[in-house]
J.: 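Structure provided below as structure tokens; questions to follow.
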Amino acid sequence: MENNNSILGQMLQFISRYEFQKAVNEYKSEKHSKGFSSWTHFVSMLFGQLSGQDGLRGIETGMASQKQRLYHLGIQSVKRSTLSYANTHRTHRVFKSVFESLLKKVTSTAPRHKFKFKNQLYSIDATVIDLCLSLYDWAKFRKKKGGIKVHVKLNHSGYIPEFITVTTAKQHEGKEIDKMQFKSGDIIAFDRAYTNYTRFASYCREGIYFVTRMKKNANYKVVKRNNVSKHKNISSDQIIEMLGFYTKKNCPMYLRRIRVKDPETGKYIIILTNQMKWSPATVAAVYKDRWQIEIFFKAMKQNLKIKSFLGTSRNAILIQIWTAMISYLLLSYLKFLSTYKWTIGSLMNIIPLLLFSRRCLWEWLNKPFGIPPAPPELSIQMELL
């Protein structure tokens, strides 16, 4: 029988220890440390995410129960008080660096988006995570409520988060999209909260395409009407010019207005874009696929531990969110390379049961319900018989 490392140990091999140590040295996260390494800190938090632990005590006891196997992970058992102190005082930037390093590997294996065009397609949105104001007074949202907002740039090739920022819930989404980098030819889908005609004009000049819903109070005039008789559920396709003194000044370019009917609900939505060549049905399909970021948020909140936090400081919350996103990338990587049709949810349900199982990760992923190999002593007995 092949002597395999544990499932968790094999998953940790996807993370470059060189890049990890480079980040540790850059951010001096082990300055004044007394034997508790940054690698032990990281693996402990990752174990908490992948095993579904709700508290520091669960991480402590869970790892203590596997104490004899921690050596192969390059770590030692950890006390919850030590972990709590590290979450408060050791910078979250090390975890962010791990995410960015792992993202390159996962992106290279991700399948293409489902559309025929070769342009990169992204969705932009944000989700609010509620917090108790008495515990998280730095995250004041409303009079008696606290919260943080996670802003995500989702790549539709594999539906993986490519860029993430975390702010207090008061921060408007429009301020965070300007931090996200796009290149000429990219397509961005977002909702009406990101409407900014100065930004739209900038996208037009840079060759970046956007697809969004048009605000109901938008003032415009029709310059040209395109024929839509061949397109089902498309009632109009117009080239428009924005009116209004400031709107026209900020965005003097022609835009495209498409009125499309949702076949499921029967309701009409108005789509605004600067993509003039595609068929209106393709533009409508691109906006419909924006719903994948809502599915991502739902999967993130249901399968990862980001609704109950292990610390009250901003740094502790950021460490937990970055660890959750690293877990999501690891699960996505397994999903992309496996021949079995896994989902993130199904992987997250079964991985906690197998983290310290000494099986070949890829054999299990490709044939999860096959007959497991017999233990060495049983194989010898069978040979003697």
Side-chain angles (χ1 to χ4, degrees), residues 1-17 19-20 39 42-53 59 62-63 65-66 69-75 95 98-114 154-162 292 295-296 298-306 322-376 378-379:
M1 175 181 172
E2 185 180 355
N3 186 21
N4 293 309
N5 198 349
S6 64
I7 295 293
L8 178 58
Q10 293 173 75
M11 292 176 68
L12 287 172
Q13 292 174 5
F14 304 146
I15 297 168
S16 170
R17 289 294 297 270
E19 294 293 338
F20 182 88
W39 181 249
F42 168 72
V43 175
S44 301
M45 293 300 294
L46 186 64
F47 166 77
Q49 276 290 340
L50 293 175
S51 61
Q53 301 300 326
I59 297 176
M63 295 181 68
S65 67
Q66 301 290 337
R69 298 184 180 180
L70 299 183
Y71 172 80
H72 298 284
L73 303 180
I75 64 172
F95 290 75
V98 174
F99 171 83
E100 292 171 346
S101 175
L102 183 59
L103 179 65
K104 297 176 183 177
K105 177 179 290 188
V106 177
T107 303
S108 66
T109 62
R112 285 189 69 256
H113 56 68
K114 64 182 182 181
L154 187 75
N155 191 334
H156 284 235
S157 295
Y159 300 115
I160 54 177
E162 192 167 291
Q292 291 295 332
I295 296 175
F296 166 76
K298 184 178 179 179
M300 184 178 72
K301 291 181 177 181
Q302 287 183 346
N303 299 308
L304 302 174
K305 296 299 177 181
I306 62 166
W322 284 119
T323 307
M325 294 299 100
I326 292 167
S327 301
Y328 192 90
L329 289 183
L330 286 171
L331 295 175
S332 298
Y333 189 66
L334 299 181
K335 174 187 171 183
F336 296 155
L337 295 182
S338 172
T339 57
Y340 187 81
K341 294 183 179 180
W342 290 102
T343 64
I344 296 296
S346 60
L347 277 171
M348 200 61 213
N349 286 334
I350 198 169
I351 281 288
L353 306 175
L354 300 171
L355 281 178
F356 288 99
S357 174
R358 299 176 70 87
R359 299 178 60 179
C360 176
L361 175 61
W362 296 112
E363 287 182 5
W364 168 73
L365 278 172
N366 295 330
K367 295 182 179 180
F369 305 112
I371 300 175
L378 181 59
S379 299

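Just so it is clear, the structure is predicted and the values come from calculations on it, not from any experiment.
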J.: Describe, in one word, how the ring planes of Phe47 and Phe356 are oriented to each other, choosing from parallel (under 30°), tilted (30 to 60°) and perpendicular (over 60°).
T.: tilted
J.: Can you label the angle between the Phe369 ring and the Trp342 ring as parallel, tilted or perpendicular, going by 30° and 60°?
T.: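 Geometry flag for Trp342 against Phe369: tilted rings.
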J.: Atom NZ in Lys335, atom NZ in Lys341: separation rounded to 0.5 Å?
T.: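 Between atom NZ of Lys335 and atom NZ of Lys341 there are 12.0 Å.
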J.: Determine whether Leu337 and Leu365 satisfy the following criterion, side chain to side chain contact (heavy atoms under 4.5 Å, CB included), listing intermediate values before the conclusion.
T.: CA-CA 9 Å; Leu337 295 182; Leu365 278 172; over 6 Å; no
J.: Let me confirm one number: the NZ-OG distance from Lys104 to Ser16, rounded to the nearest 0.5 Å.
T.: 10.5 Å
J.: For Ile59 versus Ser44, what's the shortest heavy-atom pair and its separation?
T.: CG2-O, 3.6 Å
J.: Among Trp39, Phe42, Trp322, which residue satisfies the ring-ring contact (aromatic ring centres under 6.0 Å, His included) criterion with Phe95?
T.: Phe42
J.: Could you list the residues that satisfy side-chain contact (heavy atoms from CB on, under 4.5 Å) with Ser65, not counting sequence neighbours?
T.: none
J.: Between Ser157 and Ala110, which heavy-atom pair has the shortest distance, and what is it?
T.: O-CB, 3.4 Å
J.: Can you tell me how the ring of Tyr328 sits relative to the ring of Phe296, calling it parallel under 30°, perpendicular over 60° and tilted otherwise?
T.: perpendicular
J.: Using every non-hydrogen atom in the two residues, find where Leu73 and Gly9 come nearest and quote the distance to one decimal.
T.: CD2-CA, 3.4 Å
J.: Do Gln302 and Lys298 come close enough that some side-chain heavy atom pair is under 4.5 Å?
T.: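 When only atoms from C-beta onward are counted, Lys298 and Gln302 do touch, with a gap below 4.5 Å.
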J.: Side chain to side chain contact (heavy atoms under 4.5 Å, CB included), that's the test. Do Ile344 and Ser332 meet it? Break it down for me.
T.: CA-CA 7 Å; Ile344 296 296; Ser332 298; 3.7 Å; yes
J.: Check whether any side-chain heavy atom of Leu12 sits under 4.5 Å from a side-chain heavy atom of Asn5, and report yes or no.
T.: no
J.: How far does CD of Gln49 sit from CE of Met325, to the nearest 0.5 angstrom?
T.: 8.0 Å
J.: Taking all non-hydrogen atoms of both residues into account, name the closest pair between Asn366 and Tyr340 and its distance.
T.: O-CB, 4.0 Å
J.: Is the shortest side-chain heavy-atom distance between Met63 and Gln53 below 4.5 Å?
T.: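 Side chain of Met63 against side chain of Gln53, heavy atoms only: no contact under 4.5 Å found.
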J.: Stepwise, does the side chain to side chain contact (heavy atoms under 4.5 Å, CB included) test hold for Met11 with Leu361?
T.: CA-CA 8 Å; Met11 292 176 68; Leu361 175 61; 4.2 Å; yes
J.: First locate atom CZ of Phe336, then atom CD1 of Ile160, and finally report the distance between them rounded to the nearest 0.5 Å.
T.: 5.5 Å
J.: Only counting residues at least two apart or in another chain, list the ones meeting side-chain contact (heavy atoms from CB on, under 4.5 Å) with Thr343.
T.: Ser346
J.: Would you call the rings of Tyr333 and Trp362 parallel, tilted or perpendicular, taking 30° and 60° as the class edges?
T.: perpendicular
J.: Does some side-chain heavy atom of Ser101 sit less than 4.5 Å from a side-chain heavy atom of Ile15?
T.: no
J.: List the steps and the verdict of side chain to side chain contact (heavy atoms under 4.5 Å, CB included) for Leu103 and Glu162.
T.: CA-CA 7 Å; Leu103 179 65; Glu162 192 167 291; 3.9 Å; yes
J.: How long is the gap from NZ on Lys301 to CD1 on Ile306, to the nearest 0.5 Å?
T.: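 Atom-to-atom, Lys301:NZ and Ile306:CD1 are 7.0 Å apart.
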J.: Does any part of the side chain of Pro368, heavy atoms only, come nearer than 4.5 Å to the side chain of Ile350, both counted from C-beta?
T.: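 A side-chain contact is absent here, since even the closest heavy-atom pair is not under 4.5 Å.
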J.: To the nearest 0.5 Å, tell me how far Ser51 OG sits from Gln66 CD.
T.: 10.5 Å
J.: With a 4.5 Å limit on heavy-atom distance, are the side chains of Ser6 and Arg69 in contact?
T.: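 Side chain of Ser6 against side chain of Arg69, heavy atoms only: no contact under 4.5 Å found.
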J.: Is the NZ atom of Lys105 crowded by more than 12 outside heavy atoms at less than 6.0 Å?
T.: yes
J.: State, with a plain yes or no, whether a side-chain heavy atom of Leu334 is found less than 4.5 Å away from one of Leu330.
T.: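 Side chain of Leu334 against side chain of Leu330, heavy atoms only: no contact under 4.5 Å found.
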